[in-house]
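Proteins get letters first, then strands, A, B, ... in listed order; numbering begins at 1 in each.
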Number of protein chains: 2
Amino acid sequence: MKNATAKRLGHGAALNREDLARLDRFLHPVRRVPAGTDLIQRGETVSCVRLMISGLSARYKLLPDGRRSIMALLLPGDFCDLHVGVLGHMDHSVMTLAESEVVETSQSDIDGMMGAFPNIARGMRWIDMVDQSITREWLVSMGRRRADRQMAHFFCEIYHRMDMIDEVGSNSFALPMTQEELADTLGITPVHALRVLQSLRQSGMVQFQDGRISIPKLDSLETFAEFEGDYLHLGRS
Amino acid sequence: MKNATAKRLGHGAALNREDLARLDRFLHPVRRVPAGTDLIQRGETVSCVRLMISGLSARYKLLPDGRRSIMALLLPGDFCDLHVGVLGHMDHSVMTLAESEVVETSQSDIDGMMGAFPNIARGMRWIDMVDQSITREWLVSMGRRRADRQMAHFFCEIYHRMDMIDEVGSNSFALPMTQEELADTLGITPVHALRVLQSLRQSGMVQFQDGRISIPKLDSLETFAEFEGDYLHLGRS
DNA sequence: CGTCTGTTTGATCAACGTCAAGACCTGTGG
DNA sequence: CCACAGGTCTTGACGTTGATCAAACAGACG
């Protein structure tokens, strides 16, 4: 039974027994963080690297008028701020959307591990690249997909990302976020998010209630969303 | 007289004489590419790393119905595909919007240089981080800013990025892209792009004609766009 | 002279936002 | 046990932004 981090890294590089052992030592101590807590705030100087072990977090920015934009979801195995040390300060904030577990370590620890364990280093670079790819796909969704397709596309993506770390069971998984948070990640209003959600519900493609989502027929949803999963770099290309 | 690459790297790390000398050797040979050429296509296996020397390129994706989404502009000093080697294939394409000069090299060359010249390595990581930051800010613009503010914000950003490599003269600079390409980067239609452009022209904040843009009063434009430049990580903050 | 690409304009329509209000649930204090 | 507050979800009426459709115009080029 591997942890989410090992599963994620394993998609980008083959890990051997020593890699896994090093990782296990790395994943301590775990800090438990309640929902709605800022892990890092905009403007802060970054002093350490954080890794999501469990739960759900989000990168976000607040605009002058108080509106919010969520620019990324951090799932177990994602890094909050890998490499941001080279920048002077954070240009955005990261908050937990649900109770989460994180590991905090130093950039030098990371660098040391990457130097000594090339497979892990390769896996981490892979995670980094995939995160960038996801951000670009979100741009496509925002710019060129209608809200219903965009939401469907978003759900497909999260399904695959959750599946990657074995968090999907019988076509459903925990997605502990509110409609408002969903709206902020799609760039729409909560009212519209609800209406789109209702139309997806009516068509029988999605259930989303009480922090849990169920996707009975992923195929239909992917077709509807015109989902092309290559940007997640999962397959045997 | 330093080149654009050195200027960009220099913002992220202090370069000494040897660093600059190594860079100079690195920047050969230069390949000249006409406008409208794909430097890399989606699905391709990445065999080399490309660096923009001059001109203008764009990361983009095409949707099944033929619409296009431009997810990033590559200015001189930007890397086309730094580190994408760890991914099996490109998930998007890169094309020149104007005649450009690029340097093509291998990932192992890059790795060698980064290993031997820590300042350069640091500068390259800085460029990478800033590019990610810019992508995130575009997400904010797409999701939460009206088209007029979004376009204004975009122009402010490009102004600063061009200024960083000393390409701005008397408040104007070359931006050789069409209205259609502009629309594809903002996620709107060409017709609407024109109308927004006209409103910005009328207010006297922007001139944009014949591949050149002029911003007489950057302050006004930044205020209008609610532009907060910290995400470009330029300042001495 | 015709074709092509890019720009411009107008009329109409759909997607999405705004405003306002109520329902439901949970936790809290009297 | 009840009253109340706060957060989330839900619904309806109406307004705005931006898309769509169609056409004309200008310059570059063979």
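In this structure B:Arg149 satisfies the salt bridge (charged side-chain N to carboxylate O under 4.0 Å, His left out) test with no other residue, sequence neighbours excluded. Legend: residues meeting side chain to side chain donor-acceptor pair (under 3.5 Å) with B:Ser133, ordered by chain and number and at least two apart, are A:Asp91. The salt bridge (charged side-chain N to carboxylate O under 4.0 Å, His left out) check on B:Asp219 picks up nothing, with sequence neighbours excluded.
Listed pair B:Arg201 / C:dT8 meets the phosphate criterion, a side-chain N or O lying under 4.0 Å from OP1 or OP2. The phosphate of D:dC9 (OP1 or OP2) has no side-chain N or O of A:Gln198 nearer than 4.0 angstrom. Phosphate contact (OP1/OP2 of C:dT8, side-chain N/O of B:Gln179, threshold under 4.0 Å): present.
To the nearest angstrom, P of D:dG7 lies 18 Å from CE of A:Met177. Taking atom CG of B:Asp210 as the reference point, atom C1' of C:dT5 lies 14 Å away to the nearest angstrom. The distance between atom CD of A:Glu180 and atom C1' of D:dG6, rounded to the nearest whole Å, is 13 Å. In this structure, CG of B:Leu197 is placed 11 Å from P of C:dT9, rounded to the nearest angstrom. The separation between B:Met142 atom CE and C:dA15 atom P is 19 Å, rounded to whole Å. Rounded to whole Å, the distance from CG on B:Leu194 to P on D:dC25 is 16 Å.
Using modelled atom types and a 3.5 Å distance limit, the side chains of A:Gln150 and A:Trp138 yield no donor-acceptor pair. A donor-acceptor contact closer than 3.5 angstrom is absent between the side chains of A:Gln132 and B:His83. B:Ser54 and B:Glu101 share a side-chain donor-acceptor pair at under 3.5 Å.
In summary, B:Asp148 and B:Arg146 engage in a salt bridge, as defined by a charged side-chain N under 4.0 Å from a carboxylate O.
With hydrogens and angles disregarded, a donor-acceptor distance shorter than 3.5 Å links the side chain of A:Glu181 to the backbone of A:Thr178.
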Give every donor-acceptor pair under 3.5 Å between a side-chain atom in residues 70-81 of chain A and any protein atom, sequence neighbours left out.
{"from": "A:Asp78", "atom 1": "OD1", "to": "A:Arg8", "atom 2": "NH2", "distance (Å)": "2.5"}
{"from": "A:Asp78", "atom 1": "OD2", "to": "A:Leu75", "atom 2": "N", "distance (Å)": "2.9"}
{"from": "A:Asp78", "atom 1": "OD2", "to": "A:Arg161", "atom 2": "NH2", "distance (Å)": "3.3"}
{"from": "A:Asp81", "atom 1": "OD1", "to": "A:Arg50", "atom 2": "N", "distance (Å)": "2.8"}

Find every protein N or O atom lying less than 3.5 Å from an N or O atom of nucleotides 14-21 of chain D, and list the pairs.
{"from": "D:dG18", "atom 1": "OP1", "to": "B:Ala147", "atom 2": "N", "distance (Å)": "2.8"}
{"from": "D:dG18", "atom 1": "OP2", "to": "B:His192", "atom 2": "NE2", "distance (Å)": "3.4"}
{"from": "D:dG18", "atom 1": "O5'", "to": "B:His192", "atom 2": "NE2", "distance (Å)": "3.3"}
{"from": "D:dA19", "atom 1": "OP2", "to": "B:Thr189", "atom 2": "N", "distance (Å)": "3.3"}
{"from": "D:dA19", "atom 1": "OP2", "to": "B:Thr189", "atom 2": "OG1", "distance (Å)": "3.0"}

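The terminal axes of the helix from C:dC1-D:dG30 to C:dG30-D:dC1, fitted over 5 pairs per end, subtend an angle of 30° to the nearest 10°.
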